[in-house]
Amino acid sequence: MAIATNDTASQGALTEPMPAVPQSIDDPPLSVDEAAALMSDLGFLACRVPPDAEVPDSCLMVVVRDAPTNRHFDPETATFWVVDGPHGRLEVVDRGTRTPFARRFSWGTIRLTDRFGARNELVTFGGRVTGTRIGPDATLLVFGSAAPILRLGGHSQPRDQLADAAAVFFRRLVTRMWSGSAEVEVGTRVPAEELWAAFLLHEHARFASAPSVRESVPDVARAVARALEEARTHRPESLAAGRRLLDWLDLAR
């Protein structure tokens with residue numbers, strides 16, 4: 001994924017208006033060039049790409065700079081989960097991390113922390129991350145996923161509607177994964193879109209079995225229903241795989 005330099009972004013700004021910074025997973029998708037242009041003035045950006053896809057992927061771009069800009073939230077570290085051998089572990093990327101690198105990351109929380117200890121967190125269903133040095137003083141991380149990367153809130157971002165429910169689902173998932181084989185299977189072999197489908201099916205069943213719960217969070221229930229309908233239309237195979245995953249993990253209701 002190519003990132004525009006500041007000069008390129010400035011030239012583009014002369015001919016086209018800069019897109020708004022996405023504040024929600026439901027905001028319109030961006031092109032890679034639009035996201036790259038926005039990153040010239042941001043420390044991180046969560047969006048969907050590309051605009052013309054039936055189901056756009058999620059993308060999180062993070063720039064770890066050697067010196068803070070003092071213009072915005074300046075991440076100094078990014079932590080996320082990976083599967084190493086039979087178990088998951090927390091990966092930490094900072095300005096001392098060697099680049100370039102590319103690897104899979106697992107489901108769980110991505111945490112961005114600045115030099116003051118302020119945090120922004122996101123919840124993810126897994127994907128692939130690359131790290132590249134851009135210019136003499138900055139490292140660009142690009143997290144890509146076929147499932148939504150949801151904002152959990154923090155210092156400088158709002159909360160996505162399904163983020164808290166996804167975090168709770170992962171806590172339930174952990175209790176089903178005491179065996180090493182299950183941890184490796186779900187962490188490295190289950191595609192993100194299938195785990196997302198399993199989450200949607202789990203939440204849909206929970207709301208169906210407990211109307212009072214559904215009525216207490218109507219916006220969340222509607223968001224689950226919309227996402228489930230999208231999966232039925234565009235990713236029926238992932239939905240079927242998600243149902244099998246719930247049965248295997250004994251999470252089907």
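What you see is a predicted model; the values in this text were computed from it and never measured.
A distance of 5.5 Å separates CZ of R232 from CD of E229, quoted to the nearest 0.5 Å. With rounding to the nearest 0.5 angstrom, the CZ atom of F169 is 8.0 Å from the CD atom of E203. Atom CG in D66 sits 10.0 Å away from atom CG in D94 (nearest 0.5 Å). Distance check, rounded to the nearest 0.5 Å: NE2 of H204 to CZ of F199 gives 13.0 Å. Taking CZ of R243 as the start and NE2 of H202 as the end, the distance is 14.0 Å to the nearest 0.5 Å. Rounding to the nearest 0.5 Å gives a distance of 5.5 Å between CG of L150 and CH2 of W196.
Within the 3.5 Å criterion, the main-chain N or O of S24 finds a donor-acceptor partner in the side chain of D27. S145 places no side-chain N or O within donor-acceptor distance of the main-chain N or O of P148, the cut-off being under 3.5 Å. Panel note: side chain D160, backbone R151; a donor-acceptor pair is recorded below 3.5 Å. The closest donor-acceptor contact from the side chain of D250 to the backbone of L246 lies at 3.5 Å or more, if one exists at all. Side-chain atoms of Q23 come within 3.5 Å of backbone atoms of V21 as a donor-acceptor pair (strictly under, hydrogens ignored). In this structure, S58 contributes its side chain and I149 its backbone to a donor-acceptor pair below 3.5 Å. Not a single donor-acceptor pair under 3.5 Å links the side chain of E193 to the backbone N or O of L239. Checking side-chain atoms of E194 against main-chain N and O of V190 turns up no donor-acceptor pair under 3.5 Å. In this structure, T109 contributes its side chain and R111 its backbone to no donor-acceptor pair below 3.5 Å.
We find that E91 and R103 are joined by a salt bridge, their nearest charged nitrogen and carboxylate oxygen being less than 4.0 Å apart. Salt-bridge formation is not detected for the pair D247/R244: no Lys NZ or Arg NE/NH1/NH2 atom is positioned less than 4.0 Å from an Asp or Glu carboxylate oxygen. Classification of E76 and R115 as a salt-bridged pair fails, no side-chain N sitting under 4.0 Å from a carboxylate O. For the pair R65 and D137, the salt-bridge criterion is not met [side-chain N within less than 4.0 Å of a carboxylate O].
Annotation for L141 and G131: closest pair CD2-CA, 3.9 Å, computed over non-hydrogen atoms. In this structure, G154 and N120 approach most closely via the heavy-atom pair C-OD1, 3.6 Å. Annotation for A46 and L122: closest pair CB-CD2, 4.0 Å, computed over non-hydrogen atoms. The heavy-atom pair separating V63 from A138 by the smallest distance is CG1-CB, 3.9 Å. In terms of heavy-atom proximity, R119 sits nearest to T113 at CG-OG1, 3.7 Å. Nearest heavy-atom pair, F125 versus A166, reported as atom, atom and distance to 0.1 Å: CZ-CB, 3.9 Å.
The aromatic rings of F73 and H155 lie tilted to each other, with the angle between the two planes from 30° to 60°. By the 30° and 60° cut-offs, the orientation of the rings of F80 relative to F143 is perpendicular.
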Give the intermediate values and the outcome of side chain to side chain contact (heavy atoms under 4.5 Å, CB included) for residues V82 and R104. CA-CA 7 Å; V82 299; R104 286 177 59 90; over 6 Å; no

Working for side chain to side chain contact (heavy atoms under 4.5 Å, CB included), residues H72 and F44: CA-CA 9 Å; H72 47 64; F44 72 102; over 6 Å; no

Take L162 and V224 through the side chain to side chain contact (heavy atoms under 4.5 Å, CB included) test and state the conclusion after the steps. CA-CA 8 Å; L162 295 180; V224 168; 3.7 Å; yes

Can you list the steps and then say if R48 with D57 is a side chain to side chain contact (heavy atoms under 4.5 Å, CB included)? CA-CA 5 Å; R48 293 180 300 149; D57 285 350; over 6 Å; no

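Put simply, the side chain of V220 does not reach to within 4.5 Å of the side chain of P218, judged on heavy atoms. Contact check for E230 versus H234: side-chain heavy atoms found under the 4.5 Å cut-off. At least one side-chain heavy atom of L38 sits less than 4.5 Å from a side-chain heavy atom of P19. V49 has its side chain within reach of C59: a pair of non-hydrogen atoms, C-beta onward, lies under 4.5 Å apart. Annotation: side chain of F105 is not in contact with side chain of V83 (no heavy-atom distance under 4.5 Å). For the pair P51/L30, no side-chain contact is recorded, criterion being any heavy-atom separation below 4.5 Å from C-beta on. Two residues are said to be in side-chain contact when any heavy atoms from C-beta on lie closer than 4.5 Å; T233 and V55 fail this criterion. Here the side chains of V93 and T77 are not in contact, with every heavy-atom distance at 4.5 Å or above.
A single hydrophobic cluster is seen to contain both L200 and V213, as judged by linkage of ILVMFWY side chains at heavy-atom distances under 4.5 Å, directly or through other members. F116 and V92 fall into different hydrophobic clusters, defined by Ile, Leu, Val, Met, Phe, Trp and Tyr side-chain heavy atoms under 4.5 Å apart, directly or through other members. If you chain together hydrophobic residues whose side chains sit under 4.5 Å apart, L201 and L245 fall into the same group. Under the 4.5 Å side-chain heavy-atom criterion for grouping Ile, Leu, Val, Met, Phe, Trp and Tyr, L152 is not connected to W81 through any hydrophobic cluster. Note: the hydrophobic cluster containing L90 does not contain L112 (ILVMFWY, side chain heavy atoms under 4.5 Å, direct or indirect links).
Ring to ring, F170 and W107 are close: their centroids are under 6.0 angstrom apart.
More than 12 heavy atoms of other residues, nucleotides or ligands shown are found within 6.0 angstrom of CZ on R71.
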